Amino acid sequence: MPKAINEGFERIQKRGSRIVAEGNHMLGAAALMIAAGVINQVSDRKKPFITVVNSYTTQIPGHAHLNVLGERLVSLLKERGYNVWYANVGGCVDDGIAMGHFGMKYSLPSRELITDQIETIVGAHPCDAWIGIGNCDKIVPGMLNAMARLDIPALYVSGGPMLAGADHSDLVTVFEGVGQEAAGKITENELIKIAEKACRTCGSCAGMFTANSMNCLAEVLGLALPGNGSIPAARWVDKSKNTWEINPDRIALFTTIADQIGVLLEKNIRPSDILSKGSIDNAFILDLAMGGSTNTVLHTLALAHEAGIDYPLERINLLADVTPNVCKVSPSRPDVHVEDVNRVGGIPAILKAVMQHEGHQFNPDLQTCMGSLRDQIDAAPDADGDVIRIGENAFSQVGGLAILYGNIAPDGSVVKTAGVDDDMMVFEGAAKCYDSQEDALTAILRGDVKNGDVVVIRYEGPKGGPGMQEMLSPTSALKGRGTKAALITDGRFSGGTRGLSIGHMSPEAAAGGPIAAIQDGDMIQIDGHKRTMNVMISDEELQSRLAQLPKFEPPIKRGWLGRYSQHVLSANTGAVMDNG
């Protein structure tokens, strides 16, 4: 078991709520608990305390219904005899709303804020176990990282994915529509109609974007229950009228959570009993099999770091070699959404398909919050042949993510190969360099980027941005305009990105990475099959250019982003902080 992060959590791991619920010297605390409605009388202190950490906010559609689910969970836990502390974390960002303006710089840093908030909540008000309720973007990994950091019995549960809009539309349909409208392929009124019909229910955006990818990975990591990633948040009452209700199956999952946290508490099963190099392997195998978001690489590496697990980035390629891509969901298949994955058996059905592949490395017998995954996998339906495919009908015999290396990214970069057309897997083109996402987007929408170009966006990494903005706007604009160009960046991509889009260049430009030395017109060669990417200049020329670069001057020096920029590391580490 790893060493506690401080002496306070060492005591919480040993004594839990007894720290504040025993002794006359803590009767002042008891009086305040009565005032808050957590207990009714002093004798109630004898009951176990469970903290529910919600992330309800109407700023994010994936979280707009979490108040209802959270209140139900609190009620269920009280019925089971627990004292319940109910808290909410702030700093939650909707990447789709923050996309395309300065606010996106806050998104990745918010992961650290959320983990720190939960550490604060539990450290100041010790409990015996806790449950995190999240759904979208950085809130999910923030909560998972907190589970590893605090290492007391804990469960994570999501609010579930959004239902697809009319005509199989989703958020990416809107972003790609912006590129289509800029290219004159559709009218402004048509674009507005797309925006009005694409996202109509609560839930995390309907495709296999970052939020849903992480919610699915949480099942396989063993920190969430089966169904966590795929059971929809809502069900239609009357789709023609856009009326819906919270999905009863999602509500039922919260009932199971109330029971299962008791099992973990009774047996003192902690995240450190569940997380291991093998469970990280399993998570990446699922990601490779379903072609999930490239952001999962950042977040799963950060989770490994938080759990004290040494996990090299290059290991992902080894797993990709023996993991077939058996499932493609929007954006890779625009007409297929997470609700379709749920319909054909969910994550256990994907894993069952993977385990039929000779040489697979998935281990179904590792400890999870529910025992092991084997029973769920054995009971899952066979591949349906459309959403999930096996054998020679699989979308690819290798995984849907790849780590590319070369003189541009000696420490690695990430591409979702599941979203790359076959004729783009090997690509060579001339560089067009931009030192911000905004400049690149302006150039793309203006038509400056042509077929065969390689768009280079730099100084958008964790330190340089700061905050490593997502690049859904420029990638969607390229796709919407029909421009066959590659895009490489030390920033990152939305899970909604498709096309030859390569991110997480490490080291980043702000850390003196080679991407900073690329010049307009340099020829760049990309080979997705060989997992290589190089700028076609000599080593001597590259080193000479790097030596002449001016010292990086952080664009933001004050506030949270200023502090973040000083301490965050490049993406190959998971963009973790240098102070642990």
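None of the values given here were measured: they were computed from a predicted structure. These values consider heavy atoms only, across backbone and side chains, with no hydrogens, waters or symmetry-generated copies.
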Expected output: side-chain Ser204 to main-chain Gly160 donor-acceptor under 3.5 Å: yes
From CG (Leu301) to NE2 (His305), nearest 0.5 Å: 11.0 Å
Closest non-hydrogen atom pair between Arg333 and Asp386, with its separation: NH2-OD1, 2.9 Å
Set of salt bridge (charged side-chain N to carboxylate O under 4.0 Å, His left out) partners for Asp281, sequence neighbours left out: Arg315
Thr115 side-chain N/O to Arg111 backbone N/O, donor-acceptor pair under 3.5 Å: yes
Where Asp310 and Pro312 come nearest, the two heavy atoms and their spacing: O-CD, 3.9 Å
Thr210 side chain to Asn295 side chain, donor-acceptor N/O pair below 3.5 angstrom: yes
Any donor-acceptor N/O pair, Asp94 side chain to Ile97 backbone, under 3.5 Å: yes
Non-neighbouring partners of Asn215 that pass side-chain hydrogen bond (donor to acceptor under 3.5 Å, both in side chains), sequence neighbours left out: Asn135, Tyr156
Expected output: side-chain Asp287 to main-chain Val297 donor-acceptor under 3.5 Å: no
Residue pair Arg492 / His504, side-chain donor-acceptor N/O under 3.5 Å: no
Any donor-acceptor N or O pair under 3.5 Å, side chains Ser230, Asn342: yes
Ser330 side chain to Asp170 side chain, donor-acceptor N/O pair below 3.5 angstrom: yes
Contact list for residues 254-291, test ring-ring contact (aromatic ring centres under 6.0 Å, His included), sequence neighbours left out: Phe284-Tyr311
Shortest non-hydrogen separation from His337 to Ala164 and the atoms involved: ND1-CB, 3.6 Å
Partner residues of Asn534 under the side-chain hydrogen bond (donor to acceptor under 3.5 Å, both in side chains) criterion, sequence neighbours left out: none
Which residues share a salt bridge (charged side-chain N to carboxylate O under 4.0 Å, His left out) with Arg531, sequence neighbours left out: Asp321
Donor-acceptor contact present, side-chain Thr417 to main-chain Gly400, <3.5 Å: yes
Asp238 and Ser240: side chain donor to acceptor below 3.5 Å: yes
Pairwise salt bridge (Lys or Arg N to Asp or Glu O under 4.0 Å) hits with a residue in residues 292-305, at least two apart: none
Atom of Phe493, atom of Gly503 and distance for their closest heavy-atom approach: CE1-N, 3.2 Å
Donor on one side chain, acceptor on other, Thr201 and Arg235, under 3.5 Å: no
